[in-house]
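Okay, structure first, notes after.
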2 protein chains.
Amino acid sequence: MLDAEIIAVGSELLTPGKLDTNSLFLTEQLNLLGVEVVKKSIVGDHRHRLAEAIRDALRSVSLVILTGGLGPTEDDVTRDAVASATSRPLVFDESIAASIAERFRRFNRVMAEINLRQAYLVEGAEILLNPRGTAPGQWLDHNGASILLLPGPPHELKPLFTEQCLPRLRQRLPPVSIRARMLRVAGMGESDLDALIAPVYTRYTNPSTTILAAAGEIHVHLRARCADEAEADALLDEVESQLAALLAERVYSRNGDSLEEVAGSLLLARNATLAVAESATGGLLAGRVTSVPGSSRYFRGGFLVYTDEMKTALLGVPASLIAEHSAVSEPVAAAMAERAAALTGATYALSVTGYAGPEGEPPGLFFIGVASPAGVEVRRLQLPGDRNRVRAFAAQMALDLLRRKLLAP
Amino acid sequence: MLDAEIIAVGSELLTPGKLDTNSLFLTEQLNLLGVEVVKKSIVGDHRHRLAEAIRDALRSVSLVILTGGLGPTEDDVTRDAVASATSRPLVFDESIAASIAERFRRFNRVMAEINLRQAYLVEGAEILLNPRGTAPGQWLDHNGASILLLPGPPHELKPLFTEQCLPRLRQRLPPVSIRARMLRVAGMGESDLDALIAPVYTRYTNPSTTILAAAGEIHVHLRARCADEAEADALLDEVESQLAALLAERVYSRNGDSLEEVAGSLLLARNATLAVAESATGGLLAGRVTSVPGSSRYFRGGFLVYTDEMKTALLGVPASLIAEHSAVSEPVAAAMAERAAALTGATYALSVTGYAGPEGEPPGLFFIGVASPAGVEVRRLQLPGDRNRVRAFAAQMALDLLRRKLLAP
């Protein structure tokens, strides 16, 4: 089993507008080989700092992958830094120099002398040919670890890695299968979920379990690592089935589908249609429903009724009902859902009314309703967070209410 | 001048689908103070590795910012790792415990015991209050360096950093004035914009200019760095005024306001109201309008008319008009806007109809309409990109159409 660190080199990757995305590709490729990326680093074009980062990495992992910093300018410090970190000299390689010169000739360009900086190899390194660029990659085995120097541009890096690094890595690694699953859960908080399932997942280190939470949504990731695929799948089945039993109907998806996709599929399967009546979410809920390709097969339409007056004028919610209970109330949420279903002829209708803040008291108080052939049902929610968060949360809870209603009408 | 390292904590950030984006916000904030981010690291939920990364960072920088890993579960190892890296004990803080318990009471939830893990402080650390989440941040001064433990969720991290870390950092730093401006531009492509303004901005290295583009929107960032504020502002004035003159009415905001905020302010200033009729965007447009706090003062409501039938039933668009021209046509967009204004009594109404794809031909064809006291106007758009992108693009263009109409009725 191999642990890897990826070091992205380039001062531009330390500015507020840039992210290192090469590491996503590399991580995916490495994971498939059973190699775990245990750390990623991003270092500027700074010889000394980069050498230090390489030394730090060599203390804890046996595969260090560097991307970028192989160009011809003074700013390209990766070769120098690896040489310094491993106390090896740089040696001029005639074959690289010849192929760089040839590349310039092919494009009818004059080669500035500085390009020959790219012809230096860290002593002992193998050349990784890079026909799509000028600077070749390098593979250095050093004190039991491997250090890979790869070009930064993705269109050079990706084929070079696939064609030349993967075969070398496969030769050195025991055959391993890594398989992953994800349970998507709605309608419970992170700590409650953890308290519920920790007794199961803490008994296993393989598969490993990671829990990620957003507003009204939790993803439980399982990852198994075995000698073969069947064994990994069996381990995943074992843990997933226990978690699924504990979480029951709170699991809305086991294949990566979003809540709006799941609700949409359930509507389609029942040959049912949907309408909405949104106040505080102002279109967010319908925006999610209609983000699904093909949603026109079940989404009919809806009403954005942001003011009391519009709730009456567009939906026909009685003004007296609003006057008596206020617009943020169970009876108004119920009437909104019922009227939306009646006016559109949809089988199901969702309603949302609430105080998103900063106006209205108490902020975060929402009522969500669902009208169905069986009648109308309303939930009261007190949601935490700022305006954006409570709006997103309320839309999420409304979709989940629909899903549950479709499962158990 | 201070050098900083940002360490993002979380095993999910080492998977092929996730990037650490908090560091972009932090880098921007730090740069404005004259602090340079010289390294970023991403480490999994692994106590020992994280402690090692913190020790490595402390050897080369005097400001270490950790994001994430402050939650209640066994996976949340940041507190432990900082304690280990600095050889300080963790101490239980009664005041944090009380505020966590209070938070659960406020939301009427039972507090699982595990939540009290979040009440431990690294000895000597100051509490950074986090009213938007359960776990507080921590500020630790240690052997001449500062170590900041910040929550991972962006909606907690950003305000906490701005409100509590920035003032502390400012106190400790020599006054360097870095001043920034941003021109937000709608309605032109990135390469056209660059061709237009490059002759100006390439003449200056201070301020520096960065151009960032999204669907239908471009941000031109200017950043000047001087010994004092007045000098920086003067440099910015000089460049900004030239760019603004070239871009003219395509600049919709120079103070960071979003397009929906700008349109909302214009409506308020004219004592006008807005309604929408959305087909292909299905609520996205209204969702943006209502994301603005106080939008209830000008947004009346609207119609989501996803099917032809609903365009007729809810809005009263004549079925014959749809039959003759199709639902994605100039006359239907015009009728949608006019009917939305008439039914809601709003001063202005926006309409969107189009083919978001993958169904409908040609995908990306949209008509957006605006009804105003002066009549109705429709634009035809052929938008590039996938379903999500063309929907977002169309909503953006509709808001910009409203803005221009409000400026020059």
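By convention in this document, chain letters (A, B, ...) are assigned in the order of the sequence lines, proteins followed by strands, and residues within each chain are numbered from 1.
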## Note on the structure
Checked G364(A), S208(A), S41(A) vs chain B; the most non-hydrogen pairs under 4.5 Å come from S41(A)

### Task
State whether the side chain of R106(B) and the backbone N or O of P384(A) hold a donor-acceptor pair below 3.5 Å, judged by distance alone.
no

### Task
Measure distances from I7(A) to the heavy atoms of chain B and classify the residue's part below 4.5 Å as side chain, backbone, both or neither.
neither

### Query
So which part of E52(A) gets closer than 4.5 Å to some heavy atom of chain B, the side chain, the backbone, both or neither?
side chain

### Message
At a 4.5 Å cut-off on heavy atoms, which part of E309(A) comes close to chain B: side chain, backbone, both, or neither?
### Response
side chain

### Task
Nearest 0.5 Å please: distance from the CG atom of D386(A) over to the CD atom of E156(B).
10.5 Å

### Query
Of the non-hydrogen atoms in S295(A) and R387(B), which two are nearest, and what is the gap between them?
OG-NH2, 3.5 Å

### Under 4.5 Å from any heavy atom of chain A - which part of R49(B)
side chain

### Query
Distance only, no hydrogens: is a donor on one side chain within 3.5 Å (strictly under) of an acceptor on the other, for T15(B) and R223(A)?
no

#### Entry: For L314(A) against G302(B), the heavy-atom pair lying closest together
CD1-O, 4.0 Å

### Query
With a 4.5 angstrom heavy-atom cut-off, which part of H155(B) approaches chain A: side chain, backbone, both or neither?
side chain

### Task
Specify which of G287(B), S60(B), A8(B), G133(B) makes the most heavy-atom pairs with chain A at under 4.5 Å.
G287(B)

### Summary
To the nearest 0.5 Å, atom CD1 of I114(B) lies from atom CG of D194(A) at 5.0 Å

### Task
Please flag which part of F104(B) lies under 4.5 Å from any non-hydrogen atom of chain A: side chain, backbone, both or neither.
side chain

### Task
List the atom of K18(A), the atom of K40(B), and the distance in Å for their closest heavy-atom pair.
O-NZ, 4.2 Å

#### Entry: Region of L50(A) in contact with chain B, defined by heavy-atom distances below 4.5 Å
neither

### Message
Can you tell me which portion of L14(A) sits under 4.5 Å from chain B's heavy atoms? Options are side chain, backbone, both or neither.
### Response
both

### Task
Could you tell me which of A275(B), G71(B), A286(B), P159(B) has the largest number of non-hydrogen atom pairs under 4.5 Å with chain A?
A286(B)

#### Entry: Beyond-backbone contact of N31(A) with P16(B), side-chain heavy atoms, under 4.5 angstrom
yes

### Message
A side-chain contact here means heavy atoms from C-beta on lying under 4.5 Å apart; do S11(B) and H221(A) qualify?
### Response
no

### Query
Which of the residues R389(A), E190(A), H46(A) is involved in the greatest number of heavy-atom pairs with chain B at under 4.5 angstrom?
R389(A)

### Task
Check whether A213(A) gets within reach of chain B through its side chain, its backbone, both or neither, counting any heavy atom under 4.5 Å.
neither

#### Entry: Contacting region of V292(B) [heavy-atom separation from chain A under 4.5 Å]
backbone

#### Entry: Heavy-atom side-chain contact between T344(A) and M310(B) under 4.5 Å
yes

### Query
Using non-hydrogen atoms only, which part of K311(A) is less than 4.5 Å away from chain B: side chain, backbone, both, or neither?
neither

## Note on the structure
Smallest heavy-atom separation, T290(A) atom then R391(B) atom, equals OG1-NH1, 2.9 Å

### Query
Looking only at heavy atoms, what is the nearest atom pair of D20(A) and L19(B), with distance?
O-CD2, 3.3 Å

## Note on the structure
Of the listed G294(A), A356(A), S291(A), the one with the largest count of heavy-atom pairs under 4.5 Å with chain B is S291(A)

### Query
Looking at R59(B) and D56(A), does any basic side-chain N land under 4.0 Å from a carboxylate oxygen?
yes

### Query
Checking heavy atoms, do the side chain of V276(A), its backbone, both or neither come under 4.5 Å from chain B?
side chain

## Note on the structure
Taken to the nearest 0.5 Å, the spacing of M188(A) CE from R109(B) CZ works out to 9.5 Å

#### Entry: Max heavy-atom pair count under 4.5 Å with chain A, selected residue of T27(B), I42(B), I6(B), T21(B)
I42(B)

### Task
Please look at V43(B) and chain A and tell me whether the side chain, the backbone, both or neither of the residue comes under 4.5 angstrom of a heavy atom of that chain.
both

### Query
Given that the side chain runs from C-beta out, which part of V110(B) has a heavy atom under 4.5 Å from chain A: side chain, backbone, both or neither?
backbone

### Query
Taking all non-hydrogen atoms of both residues, which atom of F299(B) and which atom of T307(A) are closest, and how far apart?
O-CG2, 3.8 Å

### Task
Heavy-atom distances under 4.5 Å only: say whether A395(B) touches chain A with side chain, backbone, both or neither.
neither

